[in-house]
Amino acid sequence: MSPRPFTLDEWFVVLLARTIRPDETVFHGFGSPCAQVAMHVARRTHAPDMVLVEGAMYAINPEPPFIPPTGNDAALKQGAAYSMRFEEFFDAALRGDVDRMFLSGGQIDRFGNTNVTMIGPRDRPKVKLGGGGGGCNLSATIGNLTLWTTRHRGGRTLVPECDFITDMGHRTPAGSRTELGFPGGGPQWMVTELGVFDFPGETVRLCRTFPDVSVDEVRAATGFPLDVAGDLRPLDPPSTTELAAVRTIDPLGVRKGEFDERELSRVFAHDPGGGCAC
Amino acid sequence: MSPRPFTLDEWFVVLLARTIRPDETVFHGFGSPCAQVAMHVARRTHAPDMVLVEGAMYAINPEPPFIPPTGNDAALKQGAAYSMRFEEFFDAALRGDVDRMFLSGGQIDRFGNTNVTMIGPRDRPKVKLGGGGGGCNLSATIGNLTLWTTRHRGGRTLVPECDFITDMGHRTPAGSRTELGFPGGGPQWMVTELGVFDFPGETVRLCRTFPDVSVDEVRAATGFPLDVAGDLRPLDPPSTTELAAVRTIDPLGVRKGEFDERELSRVFAHDPGGGCAC
Amino acid sequence: MSLRPPRDKRTTLAEAASAVADGAIVALGGGLCARLPMALVRELIRQGRTGLHLVGSAHSIDVDLLVAAGAVRRCEESYVGFEQDLGLAPAYREAARNGLIEIAESCCATILAQLRAAEMGVPFLPVVGVRGSDIGSLHPEYREIECPFTGQKLVAVPALRPDVALLHAPSGDRYGNLHLEQPYVLDERFASASKAVIATVDELVSTEDVTAAGITVPGHLVSALVEVPFGAHPASCYPRYAYDRPHLNEYVTAARSGDAAGYLQKYVHDTGSEDGYQKAIGRLDELTGWSASTDAWKELFA
Amino acid sequence: MSLRPPRDKRTTLAEAASAVADGAIVALGGGLCARLPMALVRELIRQGRTGLHLVGSAHSIDVDLLVAAGAVRRCEESYVGFEQDLGLAPAYREAARNGLIEIAESCCATILAQLRAAEMGVPFLPVVGVRGSDIGSLHPEYREIECPFTGQKLVAVPALRPDVALLHAPSGDRYGNLHLEQPYVLDERFASASKAVIATVDELVSTEDVTAAGITVPGHLVSALVEVPFGAHPASCYPRYAYDRPHLNEYVTAARSGDAAGYLQKYVHDTGSEDGYQKAIGRLDELTGWSASTDAWKELFA
């Protein structure tokens, strides 16, 4: 029996899921369905012992029957023995007890700084974005950050400089994390619809690509000089287990809301030779 | 029908109760059965709308079936719709939302400073007392304090100077409450087995006496020059309602543990002419 | 102030909302599209309140509607929007673009620290983060301080004591004892840190019932209470009702096309009261059907 | 450190206690004569632990017994004693008189602030009081600071991060989820602020049962769990048992007459284990009879 084809949104959340290590305590912020689905995928595949903190619910290890389109809905705490209080979660994250957070941004620079606050001037911003939630404190103390964006291709997301830095990456005009004395390790991975990036030092580097995206396409969409890993490799496709997890967890397809139509039409198939989960 | 006679311990807790104003939020500390009984007496007589915070339980307006000999016992939260968390109570008190606290001391000076920490030198105290609980912060911010002692007569409690100031009265070597910027009003009343005192300024003054105690007896038992109110008056005896409340609330007589045998043998009767509650 | 004795605190929505002064610092309970005090929000708009300084964590139609109505001077939240699903908050975005509101975007953790300072009776608290972010540039009031023990640089943030917190709860008794379901978000902190608390409840219950359910916000912090069924609509208030996604979409669509005024006229002003509002909405009972089955629940979000 | 995954954390009392090192900063759960982690206290004494730095709010036989056994270097509580009823803590008083322990008496509110600092990940917190009291003279580590906003003088107290918190709960599951009854005292704060949490429970229950009862301390903070029926004895652990006043009196009387060693020999060393202890005590079941009637309850305190 040959596996069904899979779509970019499915592969994308699997790639986010794979940035989670077993046993980690992981959190996602508001309006982040891809990260949200990814966390549940990780818990049902390679990280069954993770401590999953369900976004705006602060529920621990829930088994939601489906992912609703809002992050504060009782569906998201079903099956959890308990929820943290708001302050219990923030305290844990600020004292260093949370290992990973997923962060996105309307703008992201090469240091992994993100902007979810505003585009344009501060007194009269052209676009007031939603806002940073708890990010400007959490990003200082949480163990590692996984960044993601589904809007790389348009060319306006990966920018030379953010109009506003909401959440600190590895370095801002105020200094580096070390200089500021922040205990958190900062951005470790960045997943976009064009590829996967790591942070070998303070800046981002392309290390894995999708089969239907060329390095030149990635470079053209990136607003700063693209650093490419010497051992650049193609991404491992999702396993059938991972795909099944995505489909079970997100039957409403809430994750798809993060993508342009064009990206959603990208369909892939496992090549007969295998393609295992990494 | 003539009322039954009453004892000093009964009158004493009634006098403590009368220092509570209607609608006040009131708290007592550890090992304080007289204050504890007094709070329940006040709530069942002249202050039915007070917010009674039950000592170490932090239960709000409980109706205990009896007062047990320990302050942390489930009997003391019976009938309360809820208890505060430890930190909820301390926060409320420290931000100024608690109106009155009862405080006692192994030593008390004329400014109303109290010592519940140690007698003798600090490195090797002759007597290590129990300790101040939350007093050294609470006494700074709570609205008013009612002090009490049942050990005035022995002459070693009301002292010229405390060996150690656990809880601040109106002035210590560090300055006055105003100088320290403390919002709380400090000691307002002091009740002893010899009389009732007020604080017209920063220091304590005898203002009411028991019928079986002379001013000279009070003076002899007091380690600092006794200030006596110009309108010194005899204490109003407990009403039958107040006495009934004491007896209902404290059937085990836990309050008696605070008194020497000699004081417990003091028995009074209402004079036929009346003697109303004040 | 002292704690509030257990007296009957029931009043009308109009009376309760009238205790919120123009220009007041108003804390909004709930979060995202859950347990928002929408009946109070609508009543404040009906009463023509202006100049409000809103404080909250993550919000949506509560803030956006008050901004659309011109009731707001300053926005101090960590997030205002309709998540990935319905996108940016249209009135908020437009008012920011036109410089009509002060954008004092903050951070959940900073607001928590500021509320805790008020709650604990201290004038400030230190936080570790914020430096490195531009959020500090929206808050010139922050100060850098040094830890007297470690020498570590920290940001001191001042106590935040809202004039009033507006909370909605599924149930409560006449004394103001409120039961909430998780997530409580900042409601408990708002209740302790604010000078006054005005609460609406979907259902007024006995003290026995609210005690059995669990008292989340104690009556000694609550100044006024109004029974308003569906008082959080179009936000959810579990265990009673899910949020009204079609209605939220109707609002966002109207506001995005520049017709927030039309929405306000139809659903706030013309309805005149919450009874009128509930009649105008109509399909409220559908939202309580979430618990029938997983399929019924999913159907509400389709 | 990160939060602890939901794994089976059950172990033996000996194993659990062996994780407490000589010289460790040990937070003691419960308060006065309620919910004290006495089985762990006895096991630490059996294992000959020394040099402990005890931290707590209001305590009694837990601290006094550890002091009597010579296990303690420093006492940092707000109160140690047997209230009005049984009076001063005999071993604690005697050790203080002889300079055998450091008396670092603190204040409930100060300890709370210090734990919260640890819990919140900041190196200090400010408190309003303490000045004017001599308690500060027992804590040369405190610093005076000025509020950067108001100029108000405050006392900065350093974060307090115990090496281990010892908690006792009436019930819990194998993952370390604990249910407590009010008052929780500092147990929740200890659990978050400490590097490790060791819990004993009177009864091990299913996750369903502890969830239904209400999880007060979440398993993600707990490192080890031991089922020890009557593990708080002679302290109370409601809703299961009241405190054992005759036994407390027996201890206080022995210690006051200079024979704490005799008590320790009989009830801690010679018993060898908690099974042995429970046999030596005998009348444990009487203490569960409190709920039969008010008279039965009163009888326990007569």
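Below, chains carry the letters A, B, ... as their sequence lines are ordered, and counting in each starts from 1.
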Would you mind reporting whether C:Tyr184 and A:Ser83 have side-chain heavy atoms less than 4.5 Å apart? no

Does a donor on one side chain sit under 3.5 Å from an acceptor on the other, for A:Asp73 and C:Tyr238? yes

Interface residue of largest heavy-atom contact number with chain C, from A:Asp167, A:Leu252, A:Val127, under 4.5 Å: A:Val127

Heavy atoms, side chains only, cut-off 4.5 Å: are A:Phe182 and C:Arg131 in contact? yes

When only pairs under 4.5 Å are counted, which of A:Gly133, A:Pro173, A:Ser176 shares the most heavy-atom pairs with chain C? A:Gly133

Tell me, for A:Asp91 versus chain C, whether the close heavy atoms (under 4.5 Å) come from the side chain, the backbone, both or neither. side chain

Bottom line for C:Glu77: the part with an atom under 4.5 Å from chain A's heavy atoms is neither

Looking only at A:Ala140, A:Gly130, A:Gly120, A:Gly132, the option with the highest number of non-hydrogen pairs under 4.5 Å against chain C is A:Gly130

With respect to chain C, which residue among A:Gly181, A:Ala174, A:Gly257 yields the maximal number of heavy-atom pairs within a distance under 4.5 Å? A:Gly257

Give, as side chain, backbone, both or neither, the part of C:Ile135 having an atom under 4.5 angstrom from any heavy atom of chain A. both

Would you say C:Thr110 and A:Asn137 are linked by a side-chain donor-acceptor pair, where the criterion is simply a distance under 3.5 Å? yes

Any side-chain heavy-atom pair of A:Pro69 and C:Arg245 under 4.5 Å: yes

Below 4.5 Å, heavy atoms only, C-beta onward: do C:Gln84 and A:Val254 meet side chain to side chain? no

Which residues in residues 138-152 of chain C have any heavy atom closer than 4.5 Å to a heavy atom of chain A? C:Leu138

Region of A:Lys77 in contact with chain C, defined by heavy-atom distances below 4.5 Å: side chain

Can you give me the closest heavy-atom contact between C:Tyr79 and A:Gly131, atom names plus distance? CD1-O, 3.6 Å

Parallel, tilted or perpendicular: which one describes the rings of C:Trp297 and A:Phe66, with boundaries at 30° and 60°? perpendicular

Do you know which two heavy atoms are closest between A:Phe90 and C:Leu112, and how far apart they sit? CB-CD2, 4.0 Å

Taken to the nearest 0.5 Å, the spacing of A:Met168 CE from C:Asp134 CG works out to 11.0 Å

Crowded around A:Arg156 CZ? As in, over 12 foreign heavy atoms under 6.0 Å? no

Looking at C:Glu105 and A:Lys128, does any basic side-chain N land under 4.0 Å from a carboxylate oxygen? yes

Region of C:Arg35 in contact with chain A, defined by heavy-atom distances below 4.5 Å: neither

